[in-house]
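Below, read A as the first sequence line, B as the second, and so on, with proteins coming before strands; counting in each chain starts at 1.
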Amino acid sequence: MAQVIGTLPWVVAPPGLSVAPPAPPGLQVTAVTPQLLLNAQGQVQPIQPAPAGPGPSPTAVAKAPPAASSCPEPPTVSQLGAKPPAPPGTEEDGINLEEIREFAKNFKLRRLSLGLTQTQVGQALTATEGPAYSQSAICRFEKLDITPKSAQKLKPVLEKWLREAEQRQREGQQHLLEFVGGEPGKKRKRRTSFTPQALEALNAHFERNALPTGAEITRIAQELRYEREVVRVWFCNRRQTLKNTSKLNVFHVP
DNA sequence: AGTATGCAAATAAGG
DNA sequence: TCCTTATTTGCATAC
């Protein structure tokens, strides 16, 4: 059977490594994130020409699609619980929902006892070997706003971390939020944030050709200064989004 | 300040 | 290798 943690080739990016931007002036390194301090990833971000307005106004993102958000979303744990017959022993695809619910509740309680925020837990998990999760993930887990499958995957990770965190507290609370363990670095690649300029360019390319060849993707990537893979995936996702939205519109003619 | 959440990157799985 | 489809997950920001 498939196992918990997937096997990702993405190497963990040790925080605090210096980027070597071969890029021209006006280089931008990943949008500043308030929640996570570590950026690393050593990814060269896109150049940022002259936007438009010299004004200091920060807000300038353009909303393209009107958004018809109602895709076939998978049911979350909490939703499943609201089903008619949901007596003791609720199970979904071999997953004990009750147990997960209980742990989620418990987890939150114990997290609070440790005096930690979701953000801190997320950071701790990120610093850890093994899978990393964000504040969002912790939040969703506690609320059970995730699929049973995801919850099942998260549970052991949180369980282990919590146990060790409590133990560390018990002993000298030396190193607050860190712990070693788990396998070698297997972490999800950090999510790329495209600049509005880059998105504009990407969309322009997409309009001309939604299915660029490998060579074209390479060119675009170089032009925009993003990893080729990132650009390739962008096109895949863009196609998917387009397909999904138009599919919806067929049945929803306003 | 923490937490919740919308949109969309990133990933998994089957060609 | 890279596509599609389905899904997981996180950045950014709203609350």
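- In this model, the phosphate group of B:dA9 is not approached by any side-chain N or O of A:Arg188 to a distance below 4.0 Å at OP1 or OP2.
- At least one donor-acceptor pair under 3.5 Å links the side chain of A:Lys187 to the backbone N or O of A:Thr128.
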> In dot-bracket form, how is DNA chain B paired, counting a Watson-Crick or G-U wobble pair only if both its distances are under 3.5 Å and using | for bases paired to another strand?
Replying inline: .||||||||||||||

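- Remark: A:Lys243 is in phosphate contact with C:dT5, judged by side-chain N or O atoms under 4.0 Å from OP1 or OP2.
- Residue contacts shown for A:Ala132 are limited to sugar-phosphate atoms, with no base heavy atom under 4.0 Å away.
- Of the listed nucleotides (C:dC3, B:dT3, C:dT8), B:dT3 has the atom at the smallest distance from the side chain of A:Cys139.
- In this structure, the nucleotide among C:dT4, B:dT3, C:dG10 sitting nearest to the side chain of A:Thr119 is B:dT3.
- Checking B:dT3, C:dT8, B:dT11 against the side-chain heavy atoms of A:Thr117 singles out B:dT3 as nearest.
- The CZ-P distance, from A:Phe206 to B:dA9, rounds to 12 Å in whole Å.
- Listed by chain and residue number, A:Lys155 satisfy the salt bridge (charged side-chain N to carboxylate O under 4.0 Å, His left out) test with A:Glu99 (two or more places apart in sequence, or in another chain).
- For A:Gln118 and B:dA4, the shortest distance from a side-chain N or O to OP1 or OP2 is below 4.0 Å.
- Proximity of A:Lys153 to the phosphate of C:dT9: a side-chain N or O atom is located under 4.0 Å from OP1 or OP2.
- OP1 or OP2 of C:dG10 has not a single side-chain nitrogen or oxygen of A:Tyr133 nearer than 4.0 Å.
- Regarding A:Lys155, its NZ atom lies at a distance of 20 Å from the C1' atom of C:dT9, rounded to whole Å.
- Comparing B:dT3, C:dT8, B:dC7 by their closest approach to the side chain of A:Ser150 singles out C:dT8.
- Residue A:Trp234 has no polar side-chain atom (N or O) positioned under 4.0 Å from OP1 or OP2 of B:dA8.
- Heavy atoms of other residues, nucleotides or ligands lying less than 6.0 angstrom from CD of A:Glu159 number more than 12.
- Counting only heavy atoms from C-beta on, A:Asn237 has its side chain closest to B:dA10 among C:dG10, B:dT3, B:dA10.
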>> Please determine whether side chain to side chain contact (heavy atoms under 4.5 Å, CB included) holds for the pair A:Tyr133 and A:Phe141, giving the CA-CA distance in whole Å, both sets of side-chain angles, and the decisive distance to 0.1 Å.
In response: CA-CA 10 Å; A:Tyr133 288 100; A:Phe141 181 83; over 6 Å; no

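- Residue order along DNA chain C, read from the 5' end via each residue's closest nucleotide, puts A:Ile217 first among A:Ile217 and A:Gln240.
- Note: the hydrophobic cluster containing A:Leu114 also contains A:Leu125 (ILVMFWY, side chain heavy atoms under 4.5 Å, direct or indirect links).
- OP1 or OP2 of C:dG10 has not a single side-chain nitrogen or oxygen of A:Arg190 nearer than 4.0 Å.
- One atom, CG of A:Leu125, and another, P of C:dG10, lie 9 Å apart when rounded to the nearest Å.
- In this structure, A:Arg228 does not reach the C:dT1 phosphate: none of its side-chain N or O atoms is under 4.0 Å from OP1 or OP2.
- A donor and an acceptor atom never sit less than 3.5 Å apart when one is taken from the side chain of A:Arg140 and the other from the base of B:dA4.
- A salt bridge is absent between A:Lys105 and A:Glu102: the closest approach of a Lys/Arg side-chain nitrogen to an acidic carboxylate oxygen does not fall below 4.0 angstrom.
- Side chain of A:Arg228 to main chain of A:Gly214: a donor-acceptor pair is present (N/O by atom type, distance under 3.5 Å, no hydrogens or angles).
- Of the candidate nucleotides C:dG10, B:dT3, B:dA9, C:dG10 has the atom lying nearest to any side-chain atom of A:Ala137.
- Panel note: side chain A:Ser134, backbone A:Ser136; a donor-acceptor pair is recorded below 3.5 Å.
- If you check distances only, the side chain of A:Ser136 does reach the base of C:dC11 with a donor-acceptor pair under 3.5 Å.
- Straight-line distance from the CD atom of A:Gln135 to the P atom of B:dA4: 8 Å, rounded to whole Å.
- Between A:Thr192 and B:dA10 there is a side-chain polar atom (N or O) within less than 4.0 angstrom of OP1 or OP2.
- Distance CZ (A:Arg238) to P (B:dA8): 9 Å, rounded to an integer number of Å.
- Judged by distance alone, with hydrogens and angles left aside, the side-chain atoms of A:Arg232 form no donor-acceptor pair with the main-chain N or O of A:Ile217 at under 3.5 Å.
- Atoms NZ (A:Lys189) and P (B:dA10) sit 4 Å apart, rounded to a whole Å.
- Computed from coordinates, the A:Leu144 CG to B:dA4 C1' distance equals 14 Å when rounded to whole Å.
- Atom NZ in A:Lys187 sits roughly 14 Å away from atom C1' in C:dG10 (whole-Å rounding).
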